[in-house]
Protein chains: 2
Amino acid sequence: MKDAMKDAMKDAMKDAMTSPDAPPLQPIGVAVDVILFTILDDTLQVLLVDRLSQPFDGLRAVPGGLVERREELACAARRILRAQTGLDVDWLEQLYTFDAVDRDPRRRVLSVSWYALVAPNALEDEAVPESAWGAAWHPARALPALAFDHARQIEAAMTRLRYKIEYTPAAFHLLDSTFTLSELQRVYEVILAQELDKRNFRRRVQSLDLVEETGQLRREGTRRPARLYRFRDEGFERAGGGVLLRF
Amino acid sequence: MKDAMKDAMKDAMKDAMTSPDAPPLQPIGVAVDVILFTILDDTLQVLLVDRLSQPFDGLRAVPGGLVERREELACAARRILRAQTGLDVDWLEQLYTFDAVDRDPRRRVLSVSWYALVAPNALEDEAVPESAWGAAWHPARALPALAFDHARQIEAAMTRLRYKIEYTPAAFHLLDSTFTLSELQRVYEVILAQELDKRNFRRRVQSLDLVEETGQLRREGTRRPARLYRFRDEGFERAGGGVLLRF
DNA sequence: CAATAAAGTGTCATTCCGACACCAACCCTT
DNA sequence: AAGGGTTGGTGTCGGAATGACACTTTATTG
């Protein structure tokens with residue numbers, strides 16, 4: 001720890017020294033936090049880890065950590081996610097930069113917040129390593145006490161997500177590459193927190209050419225098998241960024 | 001300058017020292033940049049200042065600068081706007097945090113980017129001080145060469161603005177507190193870069209109760225005077241965040 | 001008082017949207 | 001083999017919203 005501190009100070013010195021014309025550094029820390037969503041048990045879930053040290057020892061938090069000196073923020077977010085959860089995500093978007101001066105009681109640390117989406121079965125495949133972090137899913141609408149300003153961050157991420165699924169293909173990243181229309185509908189219902197009419201939903205999705213049949217069926221349990229679909233990029237592209245799925 | 005450097009290092013040391021449990025600082029600089037829009041000559045305009053030193057000496061840039069140690073980002077943005085342009089804005093929103101490692105050739109500096117809106121006559125009142133900064137309006141769709149990643153930032157801000165005027169009262173901040181419906185329509189036309197039908201536009205605005213008559217008229221030039229309106233908060237609130245003005 | 005220039009106003013045809021209910025297909029049980 | 005259970009899958013219709021469209025009004029100026 002002492003060595004790390006010395007290193008940081010050497011870095012600071014070098015940075016200040018090598019560019020005589022550069023204005024002085026303000027020692028503001030930069031962290032990223034990642035709100036990782038999935039849908040499990042027909043519920044929107046957020047991945048939380050345990051905090052094992054001060055501050056906020058014993059509370060839960062979203063995965064996060066300091067950004068390295070020459071690391072892009074999105075890379076930091078992915079690195080931290082991988083380290084704390086073992087997951088690789090394919091949807092990762094910057095959410096907001098949280099900057100309250102006292103959001104970290106130790107010193108000034110900005111949090112550049114991101115949100116990410118994974119399909120629920122990513123769990124089974126990659127197995128969230130219980131490791132030291134105690135990563136686990138929690139229902140997004142019934143969260144325990146959280147460290148830092150993470151409750152606010154999750155709130156903001158949920159709001160953003162509600163908007164995003166209406167005019168981007170975000171929802172598809174909460175599903176496998178093939179899915180049934182009922183599964184797709186459930187994603188929208190869970191995120192929007194309202195029931196949708198099955199026929200109207202299908203009319204929209206199909207008239208926008210957002211999906212195409214794979215020709216295969218999902219047979220599951222004791223009931224009629226459902227047709228499997230896959231997402232069609234061209235649908236969203238052709239629609240050109242307007243609002244697409246409004247319910 | 002040397003003193004400033006010493007101060008920065010002292011700060012860094014203090015920060016690292018006072019919290020033995022705090023992880024080491026990464027010396028990443030934090031700046032804010034502000035894309036300030038107005039509408040002038042029926043054109044969307046961006047305020048640019050001259051760069052008078054390296055890097056990018058001689059180019060134009062949006063107002064920006066380093067954040068102070070205990071300063072919230074929005075405060076920094078307002079402080080810098082005031083210093084470089086003399087303007088106080090009432091609409092200021094965080095846009096995005098730009099983080100390319102080499103966006104500042106001297107060293108790693110994040111830019112938390114904001115966009116702001118002012119009514120065009122703010123100019124005449126407060127008189128953009130030509131001062132050292134050479135602040136001046138430039139048509140947003142015909143910009144000169146810009147410092148840093150500011151061209152990309154402006155692009156992002158314009159995209160955001162296009163969305164925002166559809167579901168927030170942003171457009172009204174580009175007008176005086178009272179305005180004619182034609183002026184309001186021109187704001188939408190300029191930002192969306194498309195002509196709108198006068199009667200359909202008025203139908204929407206009035207059916208949503210976004211405006212109320214002041215009872216006064218604007219007489220201007222050689223033509224029929226127009227009724228003056230003012231914005232009604234309740235309109236947007238009642239509409240509850242859905243899409244309101246879609247053309 | 002004529003010319004000019006923007007302000008202001010209504011209709012109609014089309015499309016979009018939301019509400020609504022039943023049969024089909026499969027599996028399992030008996 | 002028949003029947004029950006469960007989800008999958010489909011069409012219509014009435015009302016609302018949308019987009020296209022042109023003329024009259026009201027002021028000023030010469």
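Lettering follows sequence order; numbering is per chain, from 1. Source: prediction; values computed, not measured.
Take A:Arg203 and apply the salt bridge (charged side-chain N to carboxylate O under 4.0 Å, His left out) test, not counting sequence neighbours, and it matches no residue. Residues satisfying the ring-ring contact (aromatic ring centres under 6.0 Å, His included) test with B:Phe179, not counting sequence neighbours, are B:Phe172. The ring-ring contact (aromatic ring centres under 6.0 Å, His included) search around B:Phe98 returns B:Tyr96, not counting sequence neighbours.
Rounded to an integer number of Å, the gap from CG of B:Leu184 to P of C:dG8 is 12 Å.
With salt bridges taken as basic N to acidic carboxylate O contacts below 4.0 Å, none links B:Arg78 and B:Asp88. For A:Glu213 and A:Arg230, the salt-bridge test fails: no basic side-chain N is under 4.0 Å from an acidic carboxylate O. Between A:Asp33 and A:Arg103 there is a salt bridge, with a side-chain nitrogen of the basic residue lying less than 4.0 Å from a carboxylate oxygen of the acidic one.
Looking only at side-chain heavy atoms (C-beta outward), A:Ile165 and A:Leu161 come within less than 4.5 Å of each other.
In terms of modelled atom types and a separation under 3.5 Å, the side chain of B:Thr38 and the main chain of B:Val118 share a donor-acceptor contact. In this structure a side-chain-to-backbone donor-acceptor pair under 3.5 Å is present from B:Thr214 to B:Leu228. Counting only distance, with no hydrogens or angles, the side chain of B:Glu195 and the backbone of B:Glu189 share no donor-acceptor pair below 3.5 Å.
Contacts of A:Ser182 with the nucleic acid, taken as non-hydrogen atoms under 4.0 Å apart, involve only primed sugar atoms and P, OP1 or OP2.
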Original post:
Taking protein heavy atoms under 4.0 Å as touching, what does nucleotides 24-30 of chain C look like 5' to 3' if B marks base contact, S marks sugar-phosphate-only contact and - marks none?
Top reply: BBBBS--

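Contacts between residues 193-202 of chain A and DNA chain D, defined by a heavy-atom separation under 4.0 Å, are made by A:Lys198, A:Arg199, A:Arg202.
For B:Arg203 and C:dT11, the shortest distance from a side-chain N or O to OP1 or OP2 is not below 4.0 Å.
Summary of helix geometry: the two end axes of the helix from C:dG18-D:dC13 to C:dT30-D:dA1, each defined by five base pairs via their C1' atoms, are inclined to each other by 10° (rounded to 10°).
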